[in-house]
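The structure appears right after this line, and notes come after that.
Everything numeric here is computed off the predicted structure, so don't read it as measured data. For this chain, numbers begin at 1 and follow the sequence in order.
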Amino acid sequence: MSSEPVSLAQALGSFEELWSPRIVTAVNDYDVRVAKVEGEHLWHVHDHTDEFFLVLEGELHIALREPAGERTVVLPRGSVFTVPRGTEHRPTAPSAASILLFEPTGTSTVGDRHDEIPDHVDATTGHALR
């Protein structure tokens, strides 16, 4: 990781791929990742970690399957939300958006259990910035 400041705008401007996060820095054993998103991700669950979302631009919807039933949280720009470990969820962006994720290094974007991975979703533990 660089010991220099990272511009999130420049980081987001360095790639075009959707649902393909880039690692901008690390904090202890956690990656700070940015991603461009649009359309649906896929239903998935992280069995051993929470997943933190910060909406930088646009709007993100996160569908959740919880014991009490299914619901969707809507995150406008500047909002944060943490999906608790073990909660099945599906992020969706109705139009182009950018997000920041905070999760343990090595965490897969498609979780530990998931639906079939569509072509537009990058199953990765994050890509280095170029």
Side-chain angles (χ1 to χ4, degrees):
M1 293 294 130
S2 172
S3 61
E4 296 299 317
V6 175
S7 161
L8 294 180
Q10 287 179 347
L12 286 161
S14 71
F15 65 98
E16 293 299 321
E17 298 84 2
L18 297 176
W19 302 109
S20 183
R22 299 307 193 265
I23 300 168
V24 294
T25 193
V27 178
N28 297 317
D29 298 328
Y30 282 75
D31 288 340
V32 179
R33 305 173 183 176
V34 293
K36 293 179 178 183
V37 298
E38 188 171 4
E40 291 185 349
H41 194 262
L42 72 152
W43 283 103
H44 66 285
V45 62
H46 301 278
D47 290 328
H48 305 290
T49 186
D50 301 335
E51 188 170 21
F52 172 88
F53 293 86
L54 164 62
V55 179
L56 300 170
E57 294 292 334
E59 183 175 274
L60 186 70
H61 300 185
I62 303 176
L64 304 162
R65 290 180 175 154
E66 300 172 308
E70 196 170 303
R71 70 181 176 116
T72 299
V73 294
V74 176
L75 305 173
R77 178 182 176 196
S79 296
V80 300
F81 184 76
T82 301
V83 175
R85 73 189 68 202
T87 301
E88 193 174 9
H89 60 287
R90 182 188 67 209
T92 301
S95 59
S98 58
I99 60 175
L100 183 141
L101 303 155
F102 187 72
E103 50 200 351
T105 299
T107 299
S108 170
T109 57
V110 296
D112 300 303
R113 293 178 281 123
H114 53 78
D115 284 350
E116 184 175 332
I117 302 170
D119 290 340
H120 71 277
V121 171
D122 184 8
T124 180
T125 56
H127 298 285
L129 276 180
R130 296 176 205 194

Main-chain N/O of T125 paired to R33 side chain as donor or acceptor, under 3.5 Å: yes
From [atom1] ([X]) to [atom2] ([Y]), nearest 0.5 Å:
| X | Y | atom1 | atom2 | result |
| --- | --- | --- | --- | --- |
| R90 | H61 | CZ | NE2 | 11.5 Å |
| D119 | W19 | CG | CH2 | 15.5 Å |
| I99 | I62 | CD1 | CD1 | 7.5 Å |
| S79 | L56 | OG | CG | 11.0 Å |
| S20 | H120 | OG | NE2 | 12.0 Å |
| L18 | K36 | CG | NZ | 8.0 Å |

Aromatic ring pairing H46/H44, orientation class (parallel under 30°, perpendicular over 60°, tilted between): perpendicular
Exercise: identify the closest heavy-atom pair between [X] and [Y]:
| X | Y | value |
| --- | --- | --- |
| G58 | A97 | CA-CB, 4.0 Å |
| P21 | A35 | CA-CB, 3.9 Å |
| T109 | A123 | OG1-CA, 3.5 Å |

Heavy-atom side-chain contact between H114 and V121 under 4.5 Å: no
Side chains of E17 and R22 in contact at under 4.5 Å (non-hydrogen atoms): yes
T82: partners by side chain to side chain contact (heavy atoms under 4.5 Å, CB included), with sequence neighbours left out: D50, F52
Do [X] and [Y] land in one hydrophobic cluster if side-chain heavy atoms of ILVMFWY residues count as linked below 4.5 Å?
| X | Y | answer |
| --- | --- | --- |
| F102 | V24 | yes |
| L64 | F53 | yes |
| L54 | V34 | yes |

Polar side chain donor-acceptor pair, T105 to D31, under 3.5 angstrom: yes
side-chain contact (heavy atoms from CB on, under 4.5 Å) between T107 and E51, intermediate numbers included: CA-CA 9 Å; T107 299; E51 188 170 21; 6.0 Å; no
Salt bridge E103-R85, side-chain N to carboxylate O under 4.0 Å: no
Side-chain donor-acceptor pairs of residues 7-15 under 3.5 Å, sequence neighbours excluded:
unit_1	atom_1	unit_2	atom_2	d
S7	OG	A9	N	3.4
S7	OG	Q10	N	3.0
S14	OG	A11	O	2.6

Single hit among L75, V37, L100, V80 for side-chain contact (heavy atoms from CB on, under 4.5 Å) with V55: L75
Option among I23, T25, V6 that satisfies the side-chain contact (heavy atoms from CB on, under 4.5 Å) test with V32: T25
Greater than 12 external heavy atoms within 6.0 Å of D47's CG: yes
Within 6.0 Å of CZ in R65, more than 12 heavy atoms from elsewhere: yes
Verdict with supporting geometry, L60 and F81, side-chain contact (heavy atoms from CB on, under 4.5 Å): CA-CA 10 Å; L60 186 70; F81 184 76; over 6 Å; no
